[in-house]
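The structure appears below as C-alpha cells.
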Amino acid sequence: MHNLISIYETSGFLIIFPFIAALLIFLQRKDNILRRATVIASGFAIMAASVYTAILVLLGGGQTLYKPASEEVMSLVEQTILFGEAFLLIVVIILSFRHRKYYCALIGILGTCPIMAMELSGVVPEHATYLRLDPLAAVMYLIAGVVGPLICMYAVGYMSDYHHHHTNVQDRSNVFLALLFIFLGGMFGLITSDDLVWVFFFWEITSVCSFLLIGYTRTKEAIGNSFRALWMNLLGGVGFSAGILALFYLDPRQIMSLSELMKQTDRAPVIMLAVTLFAFASLTKSAQFPFSRWLLGAMVAPTPSSALLHSATMVKIGVYMLIRLSPMFTDTFTGVMITVVGGFTFFAASLLAISQSDGKKVLAYSTISNLGLITACAGTGTTEGVWAAVMLMLFHAVSKSLLFQTVGDIENIMGSRDIEDMHGLVIKLPRLALIMMIGICGMFMAPFGMLVSKWAALKAFVDSSSVWLVIFLVFGSGSTLFYWAKWLGKICTVIHQSVNLDDSTHGSELISMVPLTGLIVVMCFAFPWMSNAMVQPVLNETFNMNVPNVIGGADVIIMMIMVTMIFLVPLGSRFLSVGAKDKMTMSYVAGVNAGDDRHYIDSFGKSRSLYLANWYMEDYFGEKRLLVPSIMISAVLVILMVIIVIGGAF
Amino acid sequence: MAVSIVVRVILYLLLGPVIGGLLEGIDRIISARMQGRQGPPLFQPFYDVYKLMHKQTIVVNSIQVLFITAYLIFTIFTGALFFGGGDMLLVFFSLSMSEVMLVLSAYSVNGPYSAMGAQRELLQMMCYEPMMLLLAIGFYVAQGSFMVNDLIGADRPAVIALPGMLIGFAFVLIIKLRKSPFDLSTSHHAHQEMVKGLTTDISGRDMGLVELAEWYDATLMMGIVGMFFVTREPVSYLFAILACSVVFFLITLIDNTHPRVKAMRMFGLAWGVILVCAGTNLLILNLIGK
C-alpha cells in the first residue's frame, strides 16, 4: 500500500517529536502566548500523526514488523538507548541520594545495570524486528495520541490557574509541560517497540517521568509519594529486566523480541517464567493491589498529571502488556493468578471507593478498580476476555481523563475538590456539572461504554468458568454502583436561590473537555463499529484466528434504543412541558422552612441551617479497615505466583 | 416469532400495571387479615392512583419531574425487554438504571428525608445487585442462554439446577420491593422517623407515576420468579403462577412479622445470603458441568 507518508515515518515522528516539543517548551520559562501556542500546536501535530497512523494500520489489517533502515541508524539508536538508560539511572541515583532514599537507587541499579551489561557484552544476537505496528499498537496510538495531547492542552490553562492559587509552589510549569510531552514520547516508543530491551528503556522513561511529575510541588508529602511511586515502578522494572535476562541466559533460543516470544506456543518453563515476570512488572505499572498505593499517592500532583498518568498512559502500559501476553495466559497458572489478583483488586478498590469523599481519591480508587477488571479480563486469555479488556481500556481512558479534568477545573474555581462541596453543582456550575454527569454516567450506567464492556467481561468469565472471578465481579458491581450514584446524586441536587458561580474555565481547558464529552456520547453509538474496526483486528492478530462478535445482533439494537431514550427523555419533557403548571414548593423538613430549603425554623423559633451529607461508612469500608488486609492478601497472591513459576523453571 | 414478541410486549404494557396493582391489593388484604382487620377492597390501589392523578401536583423543582418520568419509562422498558424475550443481563442493567433515576429524583429535591431515603435506597441496590447478576449467570450456566426467549423453551425447569438461586432471589426480593424488615428507604406508612423517605417530596401526579412504575416492577419481579419453573410444557406455567403466589405470600408474611433492621445489618445479611445460597449454587453447578 502506497501512502503519501508511510507509517514508518509517522511512527518515527511520534517517538521523536514529543521529545523535541518537550525541549522547546522547557526552554520557554514564561507562560506566554508563544509557549501556549507551542503546546497546542505540538499537541495537534501528535494527535494528527497518531490518528493517521492508527487508521492506516487498522485499514491494513495485519502487523508490520520492521527495524531501522540502515546500519548507521541502527547503531545510533542502540547507542542512544544505552546512553538514555545510563542517564535515567544517574537521575534516579542523584535524586535518591539527595532525599536519602537509598533503596530507590539500589532498586534502580538492580534493574538497569544487568541489562546494560548484557548490551555492552556484544553477544546479543541480531534479530529481524525491533519495531512493530499492529492493530493493538494502533488502538494504543489512538488512546495515547488523542487523549494524551488533549490533556497536555488542558494543562496549559490549568497550570496558569494553579500557580495563581498556589503561590507557595515554585512555578516550574515549563518543566511540568515538558515532562508531559516526554511521557507521551516514551509512551509511543513503548507501544511501537518490539525489541524487549527497547521496551524496557521506554518502560523506565515512564517510571522516572511519573516520579518527577508526582514530586512537582516539592512538598514533603509530594516527595514521599513520588518516591513511593518510584520504588514500586522500579521494582516492576527489575521484574521486567529479570524476564529479559531469563530469556537471554536460560534459554538457548535467546528470544529478544515480543513477537518472537508470542510464537513460543510450547510454553516451556523458561518462557513462562519470563512471561510471569513481565506480568509482574505490568501489575506494578497498572497499580494493582498490592502496588496500588503509588497511584493513590500520585493525587498530590497537579491534576493534568493525574489525568495523564491514570487515564491514557502510565497505567495503560501495564494492561497493554498484559493484553499482549494474553495468549500465553490461556489455561496456565500465571493466567489464573493474574485474573485472581485483577478480580480481587476490582472488588477491594470498589469497596474502598465508597469511603472516600475527596473527588480525586474516588477517581483513583475507581481507576485501580477498573484496571483490575481489565487485568482480570486479559488474564483469562480468552478472546472474549481480550475483547472486553480492549473495550474497557478505550472507554476508561476517555471517561476517566474527562472526570479528572472536570474535578481539576472545579477545584480551581471553588477551591475544593471534595464531593461534599459539589452539592448543588448543577445550579452553581451548570456547564461543568453536565460534563461531569456525562463522565460519571459513562463510568457505570447502562448503556454507556464501560457497562457494555463489563457485560462482555462477565460473559468472558462465565465462559472460562472462573466462578470466583464472577463472584468478585458481581459484588464489585454492586459497590461500584453505590459510589458513583451517590456522587451523581450530589451533583444533581437543586438548591433554591443559589448563586451561579463565575465559571472561569479556560479556553484551552474547553478545547480538551468538550471533545472528550462528545467522544463519550459518540462512543455509545459507535461501539458496534468500534468493535468491528478496532477490536476485531486486535483479536485476529493476538489469537491468529477469526473471532465471532462478542456482543452482537439484537442486543446492539436494544442498546441503541436505550441511548436514544436517554437523550430523548430530557428533550421530550421539555417539549411537552411536563410539570409546567405544577405548584412549586420547598422540600419537606418536618417543620417550617425559613425562606429556602437550607434553613428551617426550630422549636425555639430560631432559624437553623441544614446540611445534607452523603454516606461514606468509614467504619465499614474505610482505608483504616480495608487497605492493609487488601494489600496483604494480594501480596501473598503475587509472591505465590512468582515463587511457583520460578520453581517450575529450575 | 417476531409477532409473538410484539404480542407479549403489548400484553405486558397493558396487563403489567393491572397485575401489579392487584398484587398490591391482595397484599393489603392479607396484611389486614393478619392484623385482624377487614382491609380495603381489592381494587383500592387503583382508586388511590386514580385519585393521585387528579390531585394538584406540588413539585420542588423541575428536574425532579424529569427523573420521575425517566424512572417510569425505563422501568417499563426493562419489563418489556424481559417479557419480549431479551437478554437477562441487559434486563438487570436496565433495571438498575431505572432505579438510579428514582434515586436521583430524591436527591434533586435537597430535602433531608428524601436525601436519607436516597442513600438508603442506594444501599439497598448495592445489596441486591449482585444477586440479580448472579441470577442471570446461573440461568446461563444451567440452561445455556442469557436470552429469555431460549430459557422459556427449556426441557426442564431451571429450579432443579438453581434452588440456591431461587432462595437468594426470594430473599433479595424483600429488599427490592422495599418490604419490612428491609423497608429502609421508603415505607407505606408515612408516620415514622423517615416520613416517606425516598418519596417524601413527591406528590400528586408524580406520586401516581411512581406507583405505576412500582406495579410494572412488581410484575417483572414475579415474572422472574416464574422463570425458575417455566419449561416448554404449557402446564409449567401453572407451577410458575403457584410458585409466584407462594413467594408473594411469604414476602407479605415476613413483611408483617418482622420489624425493620438497621442498614448495615441488611447489607451483611443480603451479601451473606447471596454468597452462601447463590454463590455456592453457582460453584456446584460449575463443578458438575465439568
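Note: hydrogens, waters and symmetry copies are ignored here, and every other heavy atom, side chains too, is used. Letters A, B, ... mirror the listed sequences (proteins, then strands); counts begin at 1. Keep in mind that this is a model prediction, so the values were computed, not measured.
If you measure heavy-atom distances from A/Lys490 to chain B, the contacts under 4.5 Å come from the backbone alone. With a threshold of 4.5 angstrom between heavy atoms, A/Ile491 does not approach chain B through any atom at all. Proximity to chain A (any heavy atom under 4.5 Å) is restricted, for B/Met101, to the side chain, taken from C-beta onward. Heavy-atom distances place the side chain of B/Phe267, and not its backbone, under 4.5 Å from chain A. At a 4.5 Å heavy-atom cutoff, the contact between A/Val494 and chain B is made by backbone and side-chain atoms alike. Looking at A/Tyr620, only its side chain comes within 4.5 Å of chain B, counting heavy atoms on both sides. Interface remark: B/Gln56 contributes side-chain atoms only to the contact with chain A (heavy atom separation under 4.5 Å). Residue B/Met132 does not touch chain A at all, counting heavy-atom pairs closer than 4.5 Å. Using a 4.5 Å cut-off between heavy atoms, B/Ala115 contacts chain A through its side chain alone, with no backbone atom that close. The part of A/Met445 that comes within reach of chain B is its side chain, from C-beta onward, which places non-hydrogen atoms under 4.5 angstrom from that chain. In this structure, the portion of B/Val100 lying under 4.5 Å from any heavy atom of chain A is its side chain and not its backbone. Looking at B/Leu283, both its backbone and its side chain come within 4.5 Å of chain A, counting heavy atoms on both sides. For A/Phe444, the part lying near chain B is the side chain, with the backbone staying farther off; criterion is any non-hydrogen pair under 4.5 Å. For A/Ile566, the parts lying near chain B are the backbone and the side chain together; criterion is any non-hydrogen pair under 4.5 Å. A/Asn614 touches chain B through backbone and side chain together, each having a heavy atom under 4.5 Å away.
Taking CG from B/Leu133 and NZ from A/Lys454, the interatomic distance works out to 9.0 Å, rounded to the nearest 0.5 Å. A distance of 4.0 Å separates CD1 in B/Ile137 from CG in A/Leu458, rounded to the nearest 0.5 Å. Here B/Gln119 contributes atom CD and A/Leu612 contributes atom CG; the two are 9.0 Å apart, rounded to the nearest 0.5 Å. Rounded to the nearest 0.5 Å, atoms CG (A/Leu481) and CE (B/Met125) are 4.5 Å apart. One finds the CG atom of B/Leu81 at 4.5 Å from the CD1 atom of A/Ile558 (value rounded to the nearest 0.5 Å). For the atom pair B/Leu104 CG and A/Met437 CE, the distance stands at 7.5 Å (nearest 0.5 Å).
Of the listed residues A/Asp463, A/Thr480, A/Asn593, A/Leu473, the one with more heavy-atom pairs under 4.5 angstrom with chain B than any other is A/Asp463. With chain B as the partner, the residue from A/Phe482, A/Phe475, A/Phe461, A/Trp468 showing the most heavy-atom pairs under 4.5 Å is A/Phe475. Taking chain B as the reference chain and counting heavy-atom pairs below 4.5 Å, the highest number among A/Met617, A/His423, A/Met565 is found for A/Met565.
A/Phe448 has its ring centre no less than 6.0 Å from the ring centre of B/Phe93.
The shortest distance between side-chain heavy atoms of B/Met126 and A/Ile354 falls below 4.5 Å. Between A/Val470 and B/Leu282 there is a side-chain heavy-atom pair separated by less than 4.5 Å.
Contact between B/Leu90 and A/Met559 at its shortest, heavy atoms only, is CD1-SD, 3.9 Å.
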Tell me, with the steps shown, if B/Phe67 and A/Cys492 meet side chain to side chain contact (heavy atoms under 4.5 Å, CB included).
-> CA-CA 10 Å; B/Phe67 285 132; A/Cys492 290; 3.9 Å; yes
Would you sort out whether A/Lys583 and B/Thr57 count as a side chain to side chain contact (heavy atoms under 4.5 Å, CB included), showing the intermediate values?
-> CA-CA 6 Å; A/Lys583 186 183 162 198; B/Thr57 305; over 6 Å; no
Chi angles and distances behind the side chain to side chain contact (heavy atoms under 4.5 Å, CB included) call for B/Asp87, A/Trp455 | CA-CA 11 Å; B/Asp87 192 309; A/Trp455 175 17; 3.4 Å; yes
Test side chain to side chain contact (heavy atoms under 4.5 Å, CB included) applied to A/Trp615 and B/Leu122, step by step | CA-CA 10 Å; A/Trp615 285 7; B/Leu122 279 180; over 6 Å; no
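Although no hydrogens or angles enter the test, the distance criterion places a donor-acceptor pair under 3.5 Å between the side chain of B/Asp201 and the main chain of A/Tyr588.
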